[in-house]
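Reviewing the structure listed below.
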Amino acid sequence: QYQTSVNKLKTQEGNLNRELRTRRDQIAKAQKRIEEIIAEEARRSTGQVRTATEQAQITALSGKFDENKGRLPYPVSGGVIIDRYGTHPHPTQPGLTINNKGVNIAAGRSAEVTAIFEGSVTKVFSVPGLNNCVMLRHGNYITLYANLAAVSVKTGDKVGLNQRVGRLSDSPNNDDNYLHFELWRETTNLNPEQWLRR
């Protein structure tokens, strides 16, 4: 009986490892697609012809964003970072490594997701593994809000600080109720933890 239990546990562990690797591969593909979209947006923005007034507005907005480093609000009220930025070992599975280009922030069911700064919606899209995504531009900065169950804005909308951009899943499974949040300065990936209010 002992050996049967051990074999059963090994099978369950093997299944869990396979699921985790599949999920990791799915997230890696989603991340690659997000990086392509960020690069497209940066190229589009760089190639735009702007008036002196428009350029001054971008510079001013970027400057205001810079000034708020370390003071920007969390994009979900009461959220807790459950997966940090950067490359690190998986918290429960030895041998698995995570390379997170943003942070994962857990919150309650159907939690509202809000803009961390004023800006405009440059793209609303979906990617397998990270559901609905909203990309906002704040001068030279870009924020990405991913794993949304529903979206409240559309491309071209102007948004204000703390304006709702979407909401998280209402799933009873807590593993589904998190926001994947990224911060970029054009194509340079930044650590959101250094910018959000502590």
Side-chain angles (χ1 to χ4, degrees), residues 26-76 79 81 83-88 98-105 113-148 151-166 178-198:
Q26 188 180 39
I27 293 294
K29 284 179 185 165
Q31 186 62 55
K32 187 173 188 303
R33 180 64 189 132
I34 285 169
E35 288 175 35
E36 289 167 356
I37 290 168
I38 296 278
E40 285 167 21
E41 166 57 24
R43 275 194 302 276
R44 186 194 64 76
S45 178
T46 305
Q48 262 184 336
V49 178
R50 296 188 178 93
T51 65
T53 304
E54 288 170 334
Q55 192 55 52
Q57 288 171 340
I58 288 169
T59 302
L61 191 58
S62 300
K64 285 199 301 188
F65 197 95
D66 277 333
E67 288 167 13
N68 282 282
K69 185 174 183 178
R71 295 185 303 197
L72 296 167
Y74 266 60
V76 276
I81 294 177
D83 189 14
R84 306 194 93 78
Y85 175 84
T87 303
H88 50 273
I98 296 169
N99 182 13
N100 197 346
K101 299 284 187 176
V103 289
N104 293 353
I105 305 171
V113 176
T114 55
I116 64 161
F117 203 73
E118 64 181 286
S120 57
V121 181
T122 56
K123 197 164 184 71
V124 175
F125 60 99
S126 298
V127 288
L130 284 174
N131 301 322
N132 297 307
C133 306
V134 172
M135 191 162 67
L136 303 182
R137 180 171 276 284
H138 320 272
N140 293 323
Y141 290 92
I142 297 168
T143 52
L144 177 87
Y145 308 76
N147 201 38
L148 302 175
V151 172
S152 310
V153 291
K154 63 185 184 308
T155 302
D157 284 355
K158 300 285 184 209
V159 295
L161 172 66
N162 293 324
Q163 182 176 330
R164 179 178 167 160
V165 296
Y178 74 91
L179 172 72
H180 177 69
F181 176 75
E182 296 184 14
L183 174 59
W184 297 74
R185 184 175 172 102
E186 299 301 356
T187 55
T188 302
N189 185 223
L190 304 173
N191 181 352
E193 293 179 63
Q194 296 174 353
W195 291 77
L196 297 174
R197 192 181 295 143
R198 290 175 179 80

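Nothing here was measured: the structure is a model prediction, and the numbers come from that model.
When side chains are defined from C-beta on, Q194 does not count as touching L183, because their heavy atoms never get closer than 4.5 Å. Using a 4.5 Å cut-off on side-chain heavy atoms (C-beta onward), E35 and E182 make no contact. I34 is not listed as a side-chain neighbour of K101, based on a closest heavy-atom distance of 4.5 Å or more. Taking 4.5 Å as the limit, every side-chain heavy atom of V151 sits out of range of all side-chain heavy atoms of Y145. When side chains are defined from C-beta on, N100 counts as touching H180, because their heavy atoms get closer than 4.5 Å. Within the 4.5 Å cutoff, the side chain of N147 has no heavy atoms near those of the L179 side chain. Taking 4.5 Å as the limit, some side-chain heavy atom of E186 sits within range of a side-chain heavy atom of R137. Annotation: side chain of N140 is in contact with side chain of I58 (closest heavy-atom distance under 4.5 Å).
Here I37 contributes atom CD1 and R44 contributes atom CZ; the two are 13.0 Å apart, rounded to the nearest 0.5 Å. We find the CD1-CG distance between I98 and D83 to be 4.5 Å, quoted to the nearest 0.5 Å. Once rounded to the nearest 0.5 Å, the distance linking CZ of R164 with OG1 of T114 reads 10.5 Å. Within the model, atoms OG of S62 and CZ of R185 stand 5.5 Å from one another, a figure rounded to the nearest 0.5 Å. Summarising the geometry, atom CG belonging to D157 is positioned 11.5 Å from atom OG1 belonging to T122; distances are rounded to the nearest 0.5 Å. With rounding to the nearest 0.5 angstrom, the CH2 atom of W195 is 9.0 Å from the CD1 atom of I116.
A salt bridge is absent between K64 and E67: the closest approach of a Lys/Arg side-chain nitrogen to an acidic carboxylate oxygen does not fall below 4.0 angstrom. Taking a cutoff of 4.0 Å between a charged side-chain nitrogen and a carboxylate oxygen, K32 and E36 qualify as a salt bridge.
Here the closest heavy-atom approach between residue T187 and residue A39 is recorded as CG2-CA, 4.1 Å. Across all non-hydrogen atoms, the minimal contact from P192 to G102 is CG-CA, 4.1 Å. Between A30 and V127, the shortest heavy-atom distance links the atoms CB-CG2, 4.1 Å. G160 and A115 make their closest contact through O-CB, 3.6 Å (heavy atoms, listed as atom of the first residue, atom of the second, distance).
Ring geometry, F117 versus F65: the interplanar angle exceeds 60°, so the pair is classed perpendicular (tilted spans 30 to 60°).
None of L148, T155, L144, V159 except one satisfies the side-chain contact (heavy atoms from CB on, under 4.5 Å) rule with V134; the exception is L148.
T46 places a side-chain N or O within 3.5 Å of a backbone atom of A42 that can act as its donor or acceptor partner. The main-chain N or O of Y85 is found under 3.5 Å from a side-chain atom of E193 such that the two form a donor-acceptor pair.
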>> Pair Q163, V153 - check side-chain contact (heavy atoms from CB on, under 4.5 Å), show working.
In response: CA-CA 10 Å; Q163 182 176 330; V153 291; 4.3 Å; yes
>> If you apply the rule side-chain contact (heavy atoms from CB on, under 4.5 Å), what do you find for F181 with V76, and how did you get there?
In response: CA-CA 10 Å; F181 176 75; V76 276; over 6 Å; no
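At a cut-off of 3.5 Å, with distance as the only test, no side-chain donor of S126 or R33 sits close to an acceptor on the other residue. Side-chain N/O atoms of Y141 and T143 include no donor and acceptor closer than 3.5 Å.
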